[in-house]
Amino acid sequence: MMINWNNIREEFPVTKKYVYLNHAAVSPLSNRTFRAMRDFLEDATQNGAVNSFRWYETIRSCRKNVANLLNADKTEIAFMKNTTQGILIAANGIDWKAGDNVVTANAEFPANVYPWLNLSRFGVETRFVQEKERRILIEDIESAIDSRTRAVAISHVEFASGFRNDLKTIGEMCRDKDIFFIVDAIQSLGAIQVDVKDYNIDVLAADGHKWLLGPEGAACFYCAKETQDRLINTNLGWMGVINASDYLNYDMTQKQNAQRFEEGSYNTTGLYGLNATIEMLLEIGIENIEKRVLQLTDLLIKKLLKKSYCVLSSLVPNERSGIVSFQGSKHSSAELCSMLRKKNVIVADRADGIRVSPHFYNSEEEIMKLLDLLP
Ligand SMILES: Cc1ncc(COP(=O)(O)O)c(C=O)c1O
């Protein structure tokens, strides 16, 4: 299928004012996503909750769409307020014994660090695999694991370098050693294909506001069917039980699906937005989106190297993502970012590098504009 990226671009009003290359931070919304949320707000304003059956239909549709995106079953999906909440469910849900450990990396965003460090009160050690030249080596993960390792917790794509971890290999390692595999997918989901079954993931979490192009505070959560009963549900609330709407029947029997982890009412506005944006992504096709994002970053990397900038991100094809980080020799990254911002080119300054993160609706012309502005 030939995709007309220029037509799709029309759906993103942000392009009128900005060269927006910062999807690894917070993304702009499409018209379609805006309209979906506006329709909900309009309904709630005019009718209160009289039409709430429609809200639940949208939430059901969103759950199915998230499941499709991940190659999961809809019974394995729950909605969270952010990535951190999903990771906390896994971290607090394992029946730790003093002396157990969890393996993560020193390049992780803190959303995937504090939930684990906070387990030290139970005598749980958090082990940090050290990043080497902005890569995390499988052999280093393997050698950090010992007989007391209960979980490996890692991002699909590292937030600063853009390094893409090999989830399939790590997942196989976890399965062979009977270790929980927890994945922060916020820096890949929506731009890079994710297959929770192929990667043997136990728990995955990703908020909507980066590559999914959704609003903040409406996050996807996956818990594999066979993992649901292995986690203690430390978040059990009124919506997590089978008789949720039989309010005074205080029966604690939990739902036989991942919805047991949803404590109470939904962020319905957010889920209207999340549903609309995932529908759009699935229509375009994640394979097509991934190809397009990698084409744009290819162009960027080639031209940066030609201009003698130092590309910090890995150039190994299967370690690449939507994030490219680079440095100049004459100006600090902060200086370059602020110079670009004055010209309405939006990138980020992260971990000594300039982080550029284009999505599918960006154009080659926009990449060239960024390059032309670099001294
Ligand atoms: C890898 C990673 N995880 C998590 C987050 C955010 O977590 P949350 O959705 O809990 O705010 C970010 C960025 O903000 C991130 O880059």
Side-chain angles (χ1 to χ4, degrees), residues 20-29 66 70 77-92 102 104-118 126 128-129 131 134-136 151-165 167 170 181-192 194 199 201 203-222 235 261-263 266-267 270-271 273-274 277-278 293 312-314 319-325 346-359:
Y20 202 92
L21 302 168
N22 203 18
H23 299 88
V26 178
S27 291
L29 303 176
V66 173
L70 294 170
I77 305 301
F79 296 114
M80 298 283 145
K81 63 177 178 230
N82 49 42
T83 318
T84 308
Q85 189 187 6
I87 295 170
L88 281 166
I89 283 175
N92 296 333
V102 50
T104 185
N106 71 337
E108 286 290 304
F109 190 82
N112 188 35
V113 173
Y114 294 118
W116 307 107
L117 285 179
N118 199 29
T126 302
F128 292 96
V129 171
E131 188 188 43
R134 294 175 175 84
R135 300 170 69 228
I136 295 164
V152 170
I154 202 129
S155 292
H156 192 184
V157 168
E158 298 297 340
F159 80 102
S161 65
F163 177 81
R164 189 198 311 198
N165 283 295
L167 295 189
I170 303 170
F181 187 28
I182 319 299
V183 173
D184 174 344
I186 196 172
Q187 291 293 3
S188 62
L189 198 62
I192 306 275
V194 177
Y199 305 160
I201 293 172
V203 170
L204 173 145
D207 207 341
H209 60 273
K210 297 188 193 284
W211 301 92
L212 289 170
L213 300 164
E216 286 187 313
C220 309
F221 172 85
Y222 161 83
N235 281 37
F261 300 113
E262 295 173 345
E263 311 100 326
Y266 293 108
N267 166 11
L271 293 181
L274 189 67
T277 190
I278 296 180
V293 167
L312 303 173
S313 302
S314 171
E319 295 177 355
R320 286 194 30 217
S321 66
I323 294 174
V324 175
S325 171
I346 312 300
V347 295
D349 167 23
R350 290 286 184 286
D352 303 333
I354 299 162
R355 185 183 69 179
V356 186
S357 48
H359 217 322

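Atoms within each ligand, like the ligands themselves, are counted from 1 in listed order.
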> Looking just at side-chain N and O atoms, do E263 and N235 make a donor-acceptor pair shorter than 3.5 Å?
Replying inline: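 Indeed, the side chains of E263 and N235 share at least one donor-acceptor pair under 3.5 Å.
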
>> Can you tell me which portion of T84 lies within the under-4.0 Å heavy-atom range of ligand 1? Options are side chain, backbone, both, or neither.
In response: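 Both backbone and side chain.
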
Just to confirm my output: which protein heavy-atom neighbour is closest to [atom], and how far is it?
atom	result
atom 9 (O) of ligand 1	T83 OG1, 2.7 Å
atom 2 (C) of ligand 1	I186 CG2, 3.2 Å
atom 6 (C) of ligand 1	F109 CE2, 3.7 Å
atom 11 (O) of ligand 1	N82 CB, 4.1 Å
atom 3 (N) of ligand 1	D184 OD2, 2.5 Å
atom 16 (O) of ligand 1	Q187 NE2, 2.9 Å

> Atoms of ligand 1 less than 4.0 Å from D207 heavy atoms?
Replying inline: 9 (O)

> Ignoring hydrogens and geometry, is there a side-chain-to-backbone donor-acceptor pair from T104 to A153 under 3.5 Å?
Replying inline: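 The answer is yes, because a donor-acceptor pair under 3.5 Å joins these two groups.
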
>> Taking V26's backbone N and O only, do any of them form a donor-acceptor pair with H209's side chain (distance below 3.5 Å, no angle check)?
In response: no

> Do you know which of R134, R135, R164 makes side chain to side chain donor-acceptor pair (under 3.5 Å) with E319?
Replying inline: R135

> Does ligand 1 have an atom that lies less than 4.0 angstrom from a heavy atom of K210?
Replying inline: yes

>> If I compare all heavy atoms of D207 with all of K81, which pair ends up nearest, and what's the gap?
In response: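 Taking D207 first and K81 second, the nearest heavy atoms are OD2-O, 3.7 Å.
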
> If you round to the nearest 0.5 Å, how far is SG of C220 from CD1 of I186?
Replying inline: 9.5 Å

> Say you draw a straight line from CG of N267 to CG of N82; how long is it, rounded to the nearest 0.5 Å?
Replying inline: 11.0 Å

